[in-house]
Amino acid sequence: MSEDRKLGDSYFQNPDVVHLAADLLGKNLYTLIDGELCSGIIVETEAYRGPEDTGSHAYGGRCTTRNASMYKAGGIIYMYVCYGIHDMLNIVTGEEGSSHAILIRAAQPSHGIDIMRERRQVFNDDRRLCKGPGSLARAFGLNKQHDGESLSATLVWIEDSGWKPQAGEVLSAPRVGLNIGEPFRSIRWRFYLSNNPYVSVKSKDAVPL
DNA sequence: GCGACGATCATCT
DNA sequence: GATGATCGTCGCG
């Protein structure tokens, strides 16, 4: 933890959500919830690009009470409930009025692992703690109540570790779980670190970024 | 290790 | 009333 490594609004307000989704790999995600500090290295993300992306909750300019956070300025989180059970963590990006977001799908735990095990009730395989977006949010103590929280506050934030992936280490692949038509069904807007055991889904269609 | 399946409810129509 | 940016379990072999 160090204040000078914390990513600020200017980072998240970059207009290119696809670039940012890949760039977040290797960054450290932190939460300080119920007095418990947790952190992990982001290893898998997905980009959702504004009104033209049929996979996005903001497709066609849709704006409801659920997804209103997507239209705020970059640098806050968008949380929503999926399948009535799982809370999903998204990073809102771009300028105010745009509706881009990045789903954080998996992380490699580095701090607060005991708390993560307890929250997840998983005690025999740490690789599973933050594998998949629903698991990750639960391990970090995040839920829909945190929708709209700022990444420049002290509850949830992201830091640049200084780590950079090697050439070819970042793979791009189709997004997971979307029942939509082409071209967005197959577009490679999911990014993950190759050979990382904490990634939730590996794809045959993956290609180096 | 992998495919099938049911759980479960907020949100939208 | 239908749907879903998922997950854990079960059967398999």
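No hydrogens, no waters, no symmetry mates; every other heavy atom, side chains included, goes into these values. Labels below follow one simple rule: chain letters A, B, ... track the order of the sequence lines, proteins then strands, and each chain is numbered from 1.
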Practice task
Look at the side chain of H57(A) against the base of dA5(C) and say whether a donor-acceptor pair falls under 3.5 Å; ignore hydrogens and angles.
Solution key: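 Indeed there is one.
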Exercise for the section: Please tell me which of G84(A) and V122(A) maps to the more 5' nucleotide of DNA chain C, matching each residue to the nucleotide holding its nearest heavy atom. Expected result: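 The residue closer to the strand's 5' end, by nearest nucleotide, is G84(A).
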With respect to the side chain of [X], which nucleotide from [options] is positioned closest?
X	options	result
T64(A)	dA5(C), dT11(B), dT6(C)	dT11(B)
K144(A)	dG8(C), dT11(B), dT13(B)	dT11(B)
R128(A)	dG8(C), dT13(B), dA5(C)	dG8(C)
I85(A)	dA5(C), dT8(B), dT6(C)	dT8(B)
N90(A)	dG4(C), dC12(B), dA5(C)	dA5(C)
V81(A)	dA10(B), dA5(C), dT6(C)	dA10(B)

Practice task
Would you indicate whether Q166(A), at its atom CD, is surrounded by more than 12 heavy atoms from other residues, nucleotides or ligands within a distance under 6.0 Å?
Solution key: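 Not more than 12 within 6.0 Å, no.
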Handout entry: Strand DNA chain B in bracket notation, Watson-Crick/G-U under 3.5 Å with | for pairs to another chain
Key = |||||||.||||.
Exercise for the section: Using a cut-off of strictly less than 4.0 Å, decide whether R120(A) has a side-chain nitrogen or oxygen near OP1 or OP2 of dG8(C). Expected result: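 It does, given that an N or O in the side chain of R120(A) lies less than 4.0 Å from OP1 or OP2 of dG8(C).
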Handout entry: Residue-phosphate contact under 4.0 Å: R138(A) side-chain N/O, dT6(C) OP1/OP2
Key =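 No, R138(A) has no side-chain N/O under 4.0 Å of OP1/OP2 on dT6(C).
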Tell me: [atom1] of [X] to [atom2] of [N], nearest whole Å?
X	N	atom1	atom2	value
D125(A)	dG8(C)	CG	P	11 Å
K131(A)	dC7(C)	NZ	P	11 Å
N67(A)	dA5(C)	CG	P	12 Å
R62(A)	dT3(C)	CZ	P	15 Å
R185(A)	dG4(C)	CZ	P	11 Å
Y48(A)	dG4(C)	OH	C1'	12 Å
L136(A)	dA5(C)	CG	P	17 Å
Y80(A)	dC9(B)	OH	C1'	14 Å

Exercise for the section: Mark yes or no: R127(A) above the aromatic ring of Y198(A), with NZ or CZ under 6.0 Å from the six-membered ring centre and no more than 45 degrees from the axis. Expected result: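 Not satisfied by the 6.0 Å and 45° rule.
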Exercise for the section: Hey, could you give me the OH/CD distance between Y71(A) and E96(A), rounded to the nearest 0.5 Å? Expected result: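 Rounded to the nearest 0.5 Å, the OH-CD separation comes out at 13.0 Å.
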Pair [X] + [Y], salt bridge at N-O below 4.0 Å:
X	Y	result
D114(A)	R117(A)	yes
R175(A)	D53(A)	yes
E44(A)	R105(A)	yes

Exercise for the section: Using a heavy-atom cut-off of under 4.0 Å over every strand shown, decide if G55(A) touches base, sugar-phosphate, or nothing. Expected result: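 Base contact.
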Handout entry: Sugar-phosphate, base or nothing in reach of R66(A), heavy atoms under 4.0 Å
Key =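 Sugar-phosphate, no base atom in range.
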Practice task
Compute whether any side-chain donor of one residue and acceptor of the other, for Y48(A) and E46(A), lie under 3.5 angstrom apart.
Solution key: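 Note: Y48(A) and E46(A) side chains meet the donor-acceptor criterion.
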Practice task
Apply side chain to side chain contact (heavy atoms under 4.5 Å, CB included) to the pair N90(A) and I77(A), showing each step before the final yes or no.
Solution key: CA-CA 6 Å; N90(A) 292 260; I77(A) 64 174; over 6 Å; no
